[in-house]
Every structure is written in structure tokens, then in C-alpha cells.
Amino acid sequence: MVDVERFIGEAIRRIRDDSGREKVVMALSGGVDSSVCAALAARAIGDALVPIYVDTGLMRKGETDLIRSLFPDIDLRIIDAGDEFFEALKGVTDPEEKRKAIGERFIRIFEREAKRTGATMLLQGTIYPDRVESEGGIKSHHNVGGMPLDVEFSGIIEPLADLYKDEVREVAGGLGLPAELQHRMPFPGPGLAVRILGEVTREKVAIVREANAIVEECLVEEFRPWQCFAALLGLGTGMKGDARLHGWIVAVRAVDSRDGMTADPLLLPHETLTRMASRITSEIPEVARVVYDVTPKPPATIEYE
Ligand code: XMP
């Protein structure tokens, strides 16, 4: 466990020292990691912080409005970059390629915005498990291993690099961030793209976004999972009236975990599962089948790609 007050004091000092008198650009995603970073940096360097929210087109339902409402006092730049991301993902089916494509777009957009604002430094909410998994070569987290080397910032600041997720949540509390944000489930940097097997298209994202929203509505309040979501596995056969036709197979995942390095599936009541399946198939006509994932991590990962 981290000594919250001490951590906050030291992090603020370090951000101030590391940034010098430069402008610092950061991505605010609405997750607890980037929000804690923003709150620390706002205290450390005030207006020299340039927070940017990149709407990748791969975000959860209502995300942009939520971010706006969570940070009413921060001068947030909202970049509508969906077209760029979908273009970069066209024809990409390999999971690592997808992550790389998204990571690269992210960085390019930052470089572009940083140039516009005169920012020369980059602030990132990388936490300890991101580093471990990336250094171990398990996968390229978009905020670490996926970053191209020709990045044009003069420095990168990662104030949370030694913290686990639960420690970041404690710091969020210490900073007085809203409880809603403090206890928000983790959401992967590459967004809904890693919840779609195969090529990412607007149509698939729209379906998986709706399914994610239903899963959250059915599970978050009642069961408080560490993380829960829906993923799109592929097409299967279903029925509409008397006709057999193709529809999407949606997997629901709900896990408990400490830090995301290992995870156990929740033992959900049968009625909850059937209610959720019935909502997903009736509210999203393109879905023909819903399955519940009972695999722990390891051997599975939490996300599907
Ligand atoms: P996996 O799928 O590796 O996920 O078992 C472990 C935790 O990390 C989240 N995750 C990510 N977070 N960038 C992130 O910031 C990423 O690229 C990324 N990939 C997975 C995942 O949601 C889970 O909480």
C-alpha cells in the first residue's frame, strides 16, 4: 500500500521538476489512471498542462459527454479522430497489428496537437502492470511498447509507473476525485477494438458498444466486478421467426482481480445471465447468441485480443 499524501507531494514535485518550464500534453481517457495524472499535473503545473481527449471512435457509449461532465474546470481539447482510426484499422486482423496501429495513431495525434500548442513533453498514465507485461513481451500496451521510436517529444513523464491499480484508486481518493471515477472499471487503451475479433469496422463497434453498455447496466451496481464487458466473437447461426440466419456471437466477461495480472470469472446467478442474454439479443437485433466466459487468467487474458 502506498502512503497517499506522501506520494501526491512527491509526484507533484517530480512533475514540476521534469517538465521544467515546458508545456506538457496528455491524453485524458476518463479512466482512473489518466484522471489521476491530470489532477496531479494540474496541481503541479496549472495552465502548462494541455489535456487532450481523443475520441477514437472506439470508446464506450456516452464517454465523451461523461468526460466533459467529469472535468468541468479543465480546459480540455476534444479531438474527433474516429475517421483516422477506422482508416488505420482497415483490413487489420492481427491483434498485435491492431494495437500497433492504434498506438501509432495516438502518438501521431499527440505530436500534431503538441505542435499546435507548443507542448514539448508528454505525460502518461502508465502503471506498473503495463510496464511488466510490455517488458515481458506479453503484449504491446498502446501506452508503452506500441509507441514508435521516432516520437518527437523531448521527454515523457509517467508519475504512476510504480503503482498498482488499487493504489492509483487510493491516490484518486486522496486527490478528492469523484467516487464514480475513483471506482471506474479499467478500460483498455485500444478501446473496443480489442473486444472485436478480426477486422474492426464501424458496424461491429456500434454493436459491441451497445452490448458493453447493457452488460455494465446489468452487472456493475449489483455485483461490483473488477471489470465486465462484452466482446464480439464472430458470426453464427440464429433464428428470426422461422428463418435461419447469421447473427453475431457476443461473449460476456465479468472478473474479479487485484491488478489485472490474474483474474477469476464471477459466478453469476443463472437468472442474471438469462436476463442479460435476453436484453442483448432483443435490444441488438444483429446479435444471435450470447455466451458467458468462465475462463480465469491465466490461461486466458481478460480482454479478447
Ligand atoms: P489483459 O487482456 O492483458 O488485460 O488480461 C489486463 C488489464 O489491462 C487492460 N488492458 C489494457 N489497458 N492498454 C491499457 O491501458 C492496453 O492496451 C490494454 N490491454 C488490456 C484490460 O482491460 C485489463 O483490465
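For ligands, and for the atoms within them, numbers begin at 1 and follow the listed sequence. What you see is a predicted model; the values in this text were computed from it and never measured.
- Comparing G191, G260, A263 against atom 6 (C) of ligand 1, the shortest heavy-atom distance belongs to G260.
- Residues R195 and N212 have side chains that bring a donor and an acceptor to within less than 3.5 angstrom of each other.
- Note: no N/O pair closer than 3.5 Å links F187 and ligand 1 by distance alone.
- Atom numbering of ligand 1 starts at 1 in the shown order; those under 4.0 Å from a heavy atom of G189 are 12 (N), 13 (N), 14 (C), 15 (O), 16 (C).
- Checking only distances, P190 never comes within under 3.5 Å of ligand 1, N or O to N or O.
- With hydrogens and angles left out, the side-chain atoms of Y304 and D293 include a donor and acceptor closer than 3.5 Å.
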| field | Evaluation steps, salt bridge (Lys or Arg N to Asp or Glu O under 4.0 Å), between K23 and D47 | value | CA-CA 8 Å; K23 272 195 182 173; D47 288 346; over 6 Å; no
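- Of all the atoms in ligand 1, the ones that sit under 4.0 Å from a non-hydrogen atom of P186 are 24 (O).
- The closest side-chain donor-acceptor pair between S29 and Y53, if any, does not fall under 3.5 angstrom.
- Which parts of ligand 1 touch K297 is read off a 4.0 Å heavy-atom cut-off, strictly below it: atoms 1 (P), 3 (O), 5 (O), 6 (C).
- F223 and Y292 fall within a single hydrophobic cluster, where Ile, Leu, Val, Met, Phe, Trp and Tyr side chains are chained together by heavy-atom contacts under 4.5 Å.
- Close N/O approach between R99 and ligand 1 is found [any backbone or side-chain N/O within under 3.5 Å].
- For atom 2 (O) of ligand 1, the choice among E305, E303, M261 with the nearest heavy atom turns out to be E303.
- Between the side chains of E22 and T120, at least one donor N or O lies within less than 3.5 Å of an accepting N or O.
- Below 4.0 Å from some heavy atom of W226 lie the following atoms of ligand 1, by number and element: 24 (O).
- Considering both main-chain and side-chain atoms, D130 never comes within under 3.5 Å of ligand 1 through any nitrogen or oxygen pair.
- Side-chain atoms of R99 do not come within 3.5 Å of backbone N or O of V194 as any donor-acceptor pair.
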